[in-house]
Amino acid sequence: MVTLLPHAPAMALRRWLGLGLSVLLCFSLGCALEKKVVKSKVGEKVGLPCCHEIPSSESLHNYRVYWQKNTTDVVTAYAEGKKMYEHIQFPQRYENRTEMDTRNLTLWISPVEILDNGSYQCVVQHFRHSQNSYVLCDERVTLIVTADFSDPNVTAEVFANSCESAEMVVRCSSHGGFPKPKISGALNNMSVEWNARWVSKSSLSLYNVTGEVQLNVTKDTEFSCTIEYDGFTKSTSLLLKKTNDCVVPTVSPSYNVITASSIIIIVSLLAVTLAARYFPRHVCSHCCKPQDSVEEDVKECTKPMSSKVSSETSSV
Ligand SMILES: *[C@@H]1O[C@H](CO)[C@@H](O)[C@H](O)[C@H]1NC(C)=O
Ligand SMILES: *[C@@H]1O[C@H](CO)[C@@H](O)[C@H](O)[C@H]1NC(C)=O
Ligand SMILES: *[C@@H]1O[C@H](CO)[C@@H](O)[C@H](O)[C@H]1NC(C)=O
Ligand SMILES: *[C@@H]1O[C@H](CO)[C@@H](O)[C@H](O)[C@H]1NC(C)=O
Ligand SMILES: *[C@@H]1O[C@H](CO)[C@@H](O)[C@H](O)[C@H]1NC(C)=O
Ligand SMILES: *[C@@H]1O[C@H](CO)[C@@H](O)[C@H](O)[C@H]1NC(C)=O
Ligand SMILES: *[C@@H]1O[C@H](CO)[C@@H](O)[C@H](O)[C@H]1NC(C)=O
Ligand SMILES: *[C@@H]1O[C@H](CO)[C@@H](O)[C@H](O)[C@H]1NC(C)=O
């Protein structure tokens with residue numbers, strides 16, 4: 001009669017299967033060296049291979065098989081050819097998501113969840129006679145669960161533009177991936193220091209990531225943002241344009257303005273000069289001629305004229 005402790009199913013199962021042996025087996029067979037790794041994405045179906053295929057001449061009835069995760073959870077167990085439901089407390093999250101192939105003992109999980117990431121172990125026990133049983137094999141499989149990040153979204157916002165450089169903030173964001181990614185940026189293939197931020201509900205849920213960097217761009221430059229997670233990479237490039245509207249088209253209009261204004265100044269100066277030269281004479285001929293009788297008036301009239309002429313000649 002087998003009794004299992006509900007809160008220590010793995011320990012209980014080990015006792016049940018006599019699995020002090022499994023640890024020994026593992027050392028002697030070099031389990032740790034040939035650890036299998038299976039990768040899967042969230043939502044997909046994955047098969048974790050076991051270590052034995054039941055020959056067609058035999059049936060599952062002569063075997064006991066169990067799959068455990070990380071030595072703490074019993075995922076599924078078979079005895080006498082049937083799935084065991086009694087005596088073992090199966091975590092509910094495996095219910096309806098797991099299935100074992102009754103021939104090669106592969107454990108199928110569908111759909112895969114982030115929490116499924118971890119180390120699994122399959123143990124196969126064989127019965128020849130009811131009293132004579134032994135552990136046939138024992139296999140550890142690591143399941144690495146990943147979730148794809150969205151293609152990085154790169155945006156640039158220019159906040160200061162001068163002839164020499166454009167200062168801009170470049171942002172890169174990607175969401176819905178797992179595990180926690182690395183985010184890197186490169187400017188013409190030179191890496192830049194990001195101000196990175198990760199958002200996730202917990203260490204075992206999907207991540208959102210954003211990176212931000214302030215740049216001075218002096219010419220058109222290729223910027224790329226790369227998200228790396230468990231060997232996968234997603235990358236997006238953006239051409240950062242340096243709007244050089246100050247080089248030729250902006251400089252020449254300012255020269256034109258200077259030229260135009262200096263022409264106006266010169267012309268008006270000339271006008272003043274000419275006016276000063278001819279206008280006083282004209283006035284004097286008007287004011288002096290009819291008043292011949294008064295000498296003092298003539299003197300007053302000619303004096304300023306001569307002084308003006310002299311001042312003009314000196315200035316010209
Ligand atoms: C086990 O059998 C299934 C189909 O019955 C197959 O898809 C799977 O690849 C097999 N696994 C191994 C480890 O042989
Ligand atoms: C596996 O179990 C050990 C002990 O119960 C625990 O400390 C560890 O965090 C678990 N690892 C994972 C990946 O769940
Ligand atoms: C599993 O499926 C059965 C039958 O479809 C259903 O009654 C049960 O509620 C399901 N369990 C979970 C945890 O979804
Ligand atoms: C997934 O499980 C493996 C094996 O236990 C472990 O090394 C790895 O750190 C786990 N990954 C995460 C993101 O928890
Ligand atoms: C990229 O980000 C910008 C600004 O945050 C947003 O307006 C735009 O919709 C995003 N594009 C995509 C494809 O997500
Ligand atoms: C930079 O670009 C060159 C070719 O354009 C390439 O060979 C090199 O690996 C790149 N360097 C980095 C750090 O990406
Ligand atoms: C991650 O981004 C998605 C889409 O932008 C959003 O719906 C989700 O709430 C974000 N997750 C967290 C943990 O912020
Ligand atoms: C960018 O250039 C401006 C002026 O050319 C300078 O004041 C600023 O510190 C620079 N910023 C960075 C991030 O190099």
Side-chain angles (χ1 to χ4, degrees), residues 10 22-23 26 30-51 66-75 91 93-94 97-98 107-123 138-159 168-185 194-215 222-241:
S22 80
V23 178
C26 213
C31 291
L33 292 175
E34 48 175 301
K35 236 184 191 174
K36 285 190 176 149
V37 176
V38 176
K39 290 192 173 191
S40 178
K41 301 222 157 112
V42 168
E44 288 181 353
K45 182 174 186 176
V46 71
L48 305 181
C50 192
C51 49
Y66 88 99
W67 274 97
Q68 69 177 16
K69 185 187 177 225
N70 188 31
T71 71
T72 53
D73 293 352
V74 178
V75 181
R93 36 177 249 91
Y94 299 116
R97 286 199 309 123
T98 55
L107 177 69
W108 292 100
I109 305 176
S110 176
V112 169
E113 296 174 357
I114 286 176
L115 285 173
D116 296 334
N117 182 79
S119 173
Y120 290 76
Q121 187 180 17
C122 134
V123 179
D138 170 313
E139 175 108 301
R140 279 159 198 270
V141 188
T142 298
L143 175 60
I144 303 287
V145 178
T146 59
D148 280 335
F149 279 87
S150 64
D151 285 331
N153 181 2
V154 186
T155 57
E157 191 187 324
V158 176
F159 63 88
M168 50 180 83
V169 173
V170 178
R171 288 188 190 86
C172 175
S173 63
S174 177
H175 58 261
F178 188 84
K180 188 176 178 177
K182 264 199 255 175
I183 178 167
S184 57
W194 279 114
N195 196 350
R197 214 157 43 84
W198 292 266
V199 185
S200 169
K201 286 193 190 100
S202 77
S203 64
L204 286 173
S205 55
L206 300 178
Y207 283 86
N208 287 355
V209 64
T210 53
E212 195 174 292
V213 67
Q214 198 169 313
L215 296 172
E222 176 97 342
F223 185 90
S224 67
C225 172
T226 304
I227 310 283
E228 279 179 77
Y229 53 103
D230 200 69
F232 297 96
T233 60
K234 291 248 167 156
S235 208
T236 303
S237 292
L238 180 70
L239 184 65
L240 304 178
K241 293 222 180 213

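Below, each value reflects all heavy atoms present in this structure, side chains not excepted, and no hydrogens, waters or symmetry copies. Indexing begins at 1, ligand by ligand and atom by atom, following the structure's order. Treat the numbers as computed from the prediction; the structure is a model and nothing was measured.
- For atom 8 (C) of ligand 5, the choice among N153, T236, T210, T155 with the nearest heavy atom turns out to be N153.
- Ion pairing between K39 and D230 holds under the 4.0 Å rule for side-chain N and carboxylate O.
- Counting the atoms of ligand 4 from 1 in the order shown, those under 4.0 Å from a heavy atom of F178 are 13 (C).
- Note that K69 lies outside the cation-pi zone of Y94, set by a 6.0 Å cut-off to the ring centre and a 45° limit from the axis.
- The nearest pair of heavy atoms linking Y207 to P179 is CD1-C, 3.9 Å.
- The protein reaches atom 2 (O) of ligand 7 closely, with a heavy atom under 4.0 angstrom from it.
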ask   = S235 and T226: side-chain hydrogen bond (donor to acceptor under 3.5 Å, both in side chains), yes or no, with the steps?
value = CA-CA 4 Å; S235 208; T226 304; 3.0 Å; yes
query = Could you walk me through whether T236 and L238 pass the side-chain contact (heavy atoms from CB on, under 4.5 Å) check?
reply = CA-CA 7 Å; T236 303; L238 180 70; 6.0 Å; no
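- Remark: atom 14 (O) of ligand 5 lies closer than 4.0 Å to at least one protein heavy atom.
- Below 4.0 Å from some heavy atom of T142 lie the following atoms of ligand 4, by number and element: 4 (C).
- The six-membered or imidazole ring of F149 lies away from that of W198, with a centre-to-centre distance of 6.0 Å or more.
- The atoms of ligand 4 that sit less than 4.0 Å from any heavy atom of S119 are 5 (O).
- The closest non-hydrogen atom to atom 6 (C) of ligand 7, taken over V209, N208, V199, comes from N208.
- An N or O contact shorter than 3.5 Å links N117 to ligand 4 by distance.
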